[in-house]
Structure formats: C-alpha cells, structure tokens
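All remarks here apply to the structure that follows.
What you see is a predicted model; the values in this text were computed from it and never measured.
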Amino acid sequence: TLFTMTLRVTATATENTALRVGGTIETLTDVRSQSVQPGGQLTPTAVTFVDREGVTAAAAGGKVFTASVATRGIFAYVDQAELVNTAILDGNVVSSALRVLGVLSTGTLAA
C-alpha cells in the first residue's frame, strides 16, 4: 500500500450524494526519510484528487460519494442438506439451527 487515507463522515451527512473534500500534503518522504517534492512543489501543498468524475484541480477539491448501506434481501439456510422428521417413528424431536444472513446493497453478507 502506498498510503491510506481515512475519511470520517458524520451521521448527519446526506446519503447517496457527492460531498466535496479537500486536503493538503504536509510532509512527504521516501523510504530513506528524504524529502520528496510532489510534482516539483515544496510541501505543504494542496492535493490533486482523482475520483469517479476525473481529475480535479487541487484548489477545487475532490468528491466523496456517500452511500447508504441497506439490506436488499435475506438468505436463510440450515447446515445440513436434509431434515427428516422422525418424531412420528420414535417420538424424538428433530431440530436444526437456521442461519440467517442479510444481503447488503454493497454486495456483502451480514450475520
């Protein structure tokens, strides 16, 4: 990983919309702790964003799309493929755990 940028979005942010974000490179060094000049510029300098709409000038800032994560479906299953009710034959209760997963709008599953 070259670098990681973490953004925190408040709970009051409007969902399913693009929000403007800006940034500044305060310091930039190589693996030997030698100063690096991004684009030949001294730091601190404004960042340039590449987002879903293309390259955005540093002064204008980039955009971050906030999307709500919603449950789109439910997937339920049991661990065993077949469940036979033998209670009529021997009086023993037969049961199996039912697992339920939510299918999220991100394409992932939630327990």
Side-chain angles (χ1 to χ4, degrees):
T1 303
L2 183 59
F3 74 94
T4 301
M5 184 168 127
T6 303
L7 301 173
R8 291 189 181 141
V9 180
T10 63
T12 58
T14 305
E15 294 178 347
N16 299 319
T17 188
L19 303 173
R20 188 148 311 272
V21 63
T24 302
I25 299 172
E26 295 294 329
T27 59
L28 186 63
T29 60
D30 62 15
V31 294
R32 295 184 198 104
S33 297
Q34 300 295 314
S35 292
V36 176
Q37 296 177 345
Q41 299 177 5
L42 296 174
T43 56
T45 186
V47 299
T48 299
F49 285 90
V50 179
D51 55 28
R52 63 168 58 182
E53 296 178 5
V55 178
T56 307
K63 292 183 180 177
V64 175
F65 188 80
T66 60
S68 60
V69 177
T71 302
R72 298 292 183 202
I74 294 181
F75 176 66
Y77 66 96
V78 293
D79 288 333
Q80 59 194 61
E82 191 173 299
L83 180 65
V84 179
N85 184 0
T86 58
I88 296 174
L89 302 174
D90 57 17
N92 292 326
V93 176
V94 178
S95 65
S96 181
L98 178 67
R99 301 192 188 277
V100 180
L101 299 174
V103 181
L104 304 179
S105 57
T106 59
T108 57
L109 300 175

Filter on ring-ring contact (aromatic ring centres under 6.0 Å, His included), then keep only pairs touching [range], sequence neighbours left out; what's left?
range           : value
residues 7-34   : none
residues 7-27   : none
residues 90-111 : none

According to side-chain hydrogen bond (donor to acceptor under 3.5 Å, both in side chains), who are the partners of [X], at least two apart in sequence or on a separate chain?
X    : result
T24  : none
S35  : none
T108 : T106

Starting from [X] and following side-chain heavy-atom contacts under 4.5 Å between hydrophobic residues (I, L, V, M, F, W, Y), which residues can be reached?
X   : value
L89 : none
V78 : I74, L98, V100
F65 : none
V69 : L104

What closest approach, in Å, do [X] and [Y] show between heavy atoms, and which atom pair accounts for it?
X    : Y   : answer
F49  : V21 : CE1-O, 3.5 Å
S105 : S68 : OG-O, 3.5 Å
Q80  : E82 : NE2-O, 3.0 Å
A13  : L19 : CB-CD1, 4.2 Å

Would you mind writing out the side-chain donor-acceptor pairs for residues 39-46 within the sub-3.5 Å range, not counting sequence neighbours?
{"residue": "Q41", "atom": "OE1", "partner": "T45", "partner atom": "OG1", "Å": "2.5"}
{"residue": "T43", "atom": "OG1", "partner": "E26", "partner atom": "O", "Å": "3.4"}

Who passes salt bridge (charged side-chain N to carboxylate O under 4.0 Å, His left out) against R99, sequence neighbours left out?
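Salt bridge (charged side-chain N to carboxylate O under 4.0 Å, His left out) list for R99, sorted by chain: D79.
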
State, yes or no, whether a side-chain contact exists between T66 and T17 at a heavy-atom distance under 4.5 Å.
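They are in side-chain contact.
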
